[in-house]
Amino acid sequence: MSRRGELDVVVVGAGAVGGALALALAQDGFEVALVEAREPKPWRAEDEVDLRVVALAPDARALLEDLGVWRSIAAARIGPYRHMRVWDALAPGELHFDAAERGEAALGWIVENKLVQWALWQALHEDSVGRNGFTRAAAEHSKGVRKSIAADAAATRPMIHCPGEVAEIEDGESGVTATLADGTRLRARVLVAAEGAESPVRKRLGIAFEGRDYAQRAVVAHVATERPHAGTAWQRFQPGGPLAFLPLADGRCSIVWSLPEADAVRVLALDDDAFRAELGCAFDFRLGAITATTPRAAFPLRLRLAARYVAGRCVLAGDAAHVVHPLAGQGMNLGLRDVACLRRVLRDARDRGSDLGAAHVLRRYERERRSDNTLAARGFDAIERVYGLASEPVATLRGAALALVGRFAPVRGMLAAIAAGRR
């Protein structure tokens, strides 16, 4: 901590976004405290693949590589996909993305949310990296990364308060103070709320969420199929909601089936044989019969956008600022883009000798990320609305649009670049 007893940044929440931000800022030499209510459950190789998976884009991988954790994640369990196929259940026409068209090895990687969080948590605790299921090679790489970081005089180690909860926030002209439930007082120039969609800090700051409930649930499970997934992410749009088959490292697919509430309840209640049969029909048997399934789970779908990202010296990031429909698999990618942007903004401010928590500094982050996140969220929302219409004329137009886009490589390339986080 600085001679004044003041931190640079307090990060609240040690999920993927909060953990990545705390690690990034500490590696950049900032004095950081990380507050988390409970330690994440360990990821172990012998456990079943977690039902919550994410499709990480190339820019998200680049950030995790820069933080020194990607090799540990890749050595543990990932499912790269080189192709993506999108089609409409009610009309002809199909959109196909191919990594080879961009000269890349993969369009993205299917990774367990739990694995990303655990890899970051391990990296934040140098003494524990390599335990609880990580391979020896991954552990040694992570240790090497941290030895390199420790040798860099600019790097620091974040102070971790876990279990810890913010009980009070005092936002002043020269700094912000977070008082934890145990009485610990953390004074910093910036406080970042990254505790998820139900962020207590955001609520304490009085920042409203706007958006809508989709009256849908995403039914998730892992399934085995008659034919291999061929390193392809598949998505079929249906009137009730999109159905995605995402390739896992073990050859199975993770499904995300967005359904109206009543249909989701019915599907969850089916026995395995009936579920496999109905799922196969919904997917048009693209990979043949569904031969096995794990138990199912479901979560509600909502659109949530924070009215603002900045309140005084406090900032929102990740799901605390935006929650989007999972049809494009971009939730975590958007959050990690928040991390990359805020890291850059704070680093630039330090290099210029500016106050990290000055309004003009934090507004720069807010302008960039709120604009991009709102555009993405509204775009996904528009797609969900359009594909939710079952009328024949609309379906015909959708099919024609997919076919048209599919025939023009530059348009496909532009869409793939946006999904990858490139502009």
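The figures that follow rest on heavy atoms only: side chains count, while hydrogens, waters and symmetry mates do not.
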(request) May I ask you to decide if P40's main-chain N or O and Q117's side chain share a donor-acceptor pair within less than 3.5 Å? (result) no

(request) Check whether any side-chain heavy atom of T179 sits under 4.5 Å from a side-chain heavy atom of V166, and report yes or no. (result) no

(message) Using the rule given for side-chain contact (heavy atoms from CB on, under 4.5 Å), can you reason through M159 versus V32, listing the C-alpha separation, both sets of side-chain angles and the distance that settles it, and then say yes or no?
(response) CA-CA 6 Å; M159 299 168 50; V32 182; over 6 Å; no

(message) Salt bridge check, R343 against D66: does any charged N sit closer than 4.0 Å to a carboxylate O?
(response) yes

(request) Using a 4.5 Å cut-off on heavy atoms from C-beta on, say whether the side chain of V220 contacts that of I255. (result) no

(request) Return yes if some donor-acceptor pair links the side-chain N/O of D28 with the main-chain N/O of F30 below 3.5 Å, else return no. (result) no

(request) Give the intermediate values and the outcome of side-chain contact (heavy atoms from CB on, under 4.5 Å) for residues Q27 and L67. (result) CA-CA 8 Å; Q27 290 183 4; L67 299 182; 3.9 Å; yes

(message) Salt bridge check, D372 against R367: does any charged N sit closer than 4.0 Å to a carboxylate O?
(response) no

(request) Working to the nearest 0.5 Å, report the span between CG of L120 and CH2 of W118. (result) 11.5 Å

(request) Indicate the ring-plane relationship of W234 and F283, choosing parallel, tilted or perpendicular according to the 30° and 60° boundaries. (result) perpendicular

(request) Report yes or no: does H222 contribute a side-chain atom to a donor-acceptor pair with the main-chain N or O of D50 at less than 3.5 Å? (result) yes

(message) Just checking W121 against W43, ring centres under 6.0 Å apart?
(response) no

(request) Please confirm whether R236 makes a cation-pi placement over F245, using NZ or CZ under 6.0 Å from the six-membered ring centre and within 45° of the ring normal. (result) no

(request) Please round to the nearest 0.5 Å and tell me the distance separating atom CG of L191 and atom CG of L7. (result) 10.5 Å

(request) Please report the closest heavy-atom contact between A377 and V324, naming both atoms and the distance. (result) CB-CG1, 3.6 Å

(message) Using every non-hydrogen atom in the two residues, find where V361 and L356 come nearest and quote the distance to one decimal.
(response) CG1-O, 3.4 Å

(request) Give a yes or no on whether the ring-centroid distance for H325 and Y214 is below 6.0 angstrom. (result) yes

(message) If we ignore hydrogens and angles and just use 3.5 Å, is the side chain of S254 paired with the main-chain N or O of L246 as donor and acceptor?
(response) no

(request) State, to 0.1 Å, how close D171 and R313 come at their nearest heavy-atom pair, and which atoms those are. (result) OD2-N, 2.9 Å

(message) Quick check: closest heavy atoms across L316 and A306, and the distance to 0.1 Å?
(response) CD1-CB, 3.7 Å

(request) Measure the spacing between CG of L23 and CG of L34 and express it to the nearest 0.5 Å. (result) 10.0 Å

(request) For Y309, check ring-ring contact (aromatic ring centres under 6.0 Å, His included) against everything at least two apart and list the hits. (result) none

(message) More than 12 heavy atoms of other residues, nucleotides or ligands under 6.0 Å from NZ of K203: yes or no?
(response) yes

(request) Salt-bridge test for E261 and R266: reply yes if a basic N is under 4.0 Å from a carboxylate O, no otherwise. (result) no

(request) Look only at the side chain of S72 and the backbone of A119, and say whether a donor-acceptor pair between them is shorter than 3.5 Å. (result) no

(request) Calculate, to the nearest 0.5 Å, the distance between atoms CG and CZ belonging to D355 and R350 respectively. (result) 14.0 Å

(message) Any non-hydrogen side-chain atom of L279 less than 4.5 Å from a side-chain atom of R276?
(response) no

(request) Apply the salt bridge (charged side-chain N to carboxylate O under 4.0 Å, His left out) test between E366 and each candidate in R364, R370, R363; give the one that qualifies. (result) R363

(message) Between the side chains of E94 and R286, is the shortest nitrogen-to-carboxylate-oxygen separation below 4.0 Å, so that they form an ion pair?
(response) yes

(request) Under the side-chain contact (heavy atoms from CB on, under 4.5 Å) rule, what do L124 and I160 come out as? Steps first, then yes or no, please. (result) CA-CA 8 Å; L124 289 160; I160 299 177; 3.9 Å; yes

(message) Are K114 and R52 packed together at the side-chain level, in the sense that at least one heavy-atom pair is separated by less than 4.5 angstrom?
(response) no

(message) Does this structure show an ion pair linking E368 with R344, if we count only N-O contacts that are shorter than 4.0 Å?
(response) yes

(message) If I take atom CG from residue L56 and atom OH from residue Y81, how far apart are they, to the nearest 0.5 angstrom?
(response) 8.5 Å

(request) May I ask you to decide if A45's main-chain N or O and R77's side chain share a donor-acceptor pair within less than 3.5 Å? (result) yes

(message) Is the positively charged end of R202 above the ring of F209, judged by distance under 6.0 angstrom from the centroid and angle within 45° of the axis?
(response) yes

(message) Whether the side chain of E36 engages the backbone of A14 through a donor-acceptor N/O pair (distance < 3.5 Å, no angle test) should be reported.
(response) yes

(message) Does R204 form a salt bridge (Lys or Arg N to Asp or Glu O under 4.0 Å) with E170? I'd like the steps, not just the answer.
(response) CA-CA 11 Å; R204 190 176 296 276; E170 301 170 51; over 6 Å; no

(message) As an exercise, state the distance from SG of C314 to CD1 of I207, rounded to the nearest 0.5 Å.
(response) 8.0 Å

(request) For the residue pair V12 and V192, establish whether any side-chain heavy-atom pair is separated by less than 4.5 Å. (result) no

(message) When you compare the side chain of H161 with that of T184, does any pair of heavy atoms fall below 4.5 Å?
(response) yes

(request) Over all heavy atoms of both residues, which pair between R227 and F285 is shortest? Give the atoms and the distance, please. (result) NH2-O, 3.3 Å

(request) Output yes when E384 and R212 qualify as a salt bridge under the 4.0 Å nitrogen-oxygen rule, no when they do not. (result) yes

(message) Salt bridge or not between R82 and D98? Use side-chain N to carboxylate O under 4.0 Å.
(response) no

(message) Given 3.5 Å as the limit, does a donor-acceptor pair link the side chain of N333 with the main chain of A57, or not?
(response) yes

(request) Look only at the side chain of E226 and the backbone of A289, and say whether a donor-acceptor pair between them is shorter than 3.5 Å. (result) yes

(message) Within the structure provided, determine whether M332 and N113 are in side-chain contact (heavy-atom separation under 4.5 Å).
(response) yes

(message) Just by distance, no angles: are the side chains of D338 and H322 close enough, under 3.5 Å, to form a donor-acceptor pair?
(response) yes

(request) Using atom types as modelled and distance alone, determine if a side-chain donor or acceptor of H96 lies under 3.5 Å from a backbone N or O of M84. (result) no

(message) Just so I know, are the side chains of P58 and W109 near enough to count as touching, which here means a heavy-atom distance under 4.5 Å?
(response) yes

(message) Less than 4.0 angstrom from a charged side-chain N to a carboxylate O is my criterion; do D213 and R304 meet it?
(response) yes

(message) What verdict does the side-chain contact (heavy atoms from CB on, under 4.5 Å) test give for I78 and I73, after you've listed the backbone C-alpha separation in whole Å, the side-chain angles of each residue and the deciding distance to 0.1 Å?
(response) CA-CA 7 Å; I78 60 172; I73 293 171; 3.7 Å; yes

(message) Between D272 and R296, does any side-chain N to carboxylate O distance fall below 4.0 Å?
(response) yes

(message) Taking E48 first and then R252, would you say they form a salt bridge - that is, a charged N and a carboxylate O separated by under 4.0 Å?
(response) yes

(message) Under a 4.0 Å threshold between the charged nitrogen and the carboxylate oxygen, would D59 count as salt-bridged to R337?
(response) yes

(request) Write down the atom of I169, the atom of V176, and the distance for their closest heavy-atom approach. (result) CG2-CG2, 3.7 Å

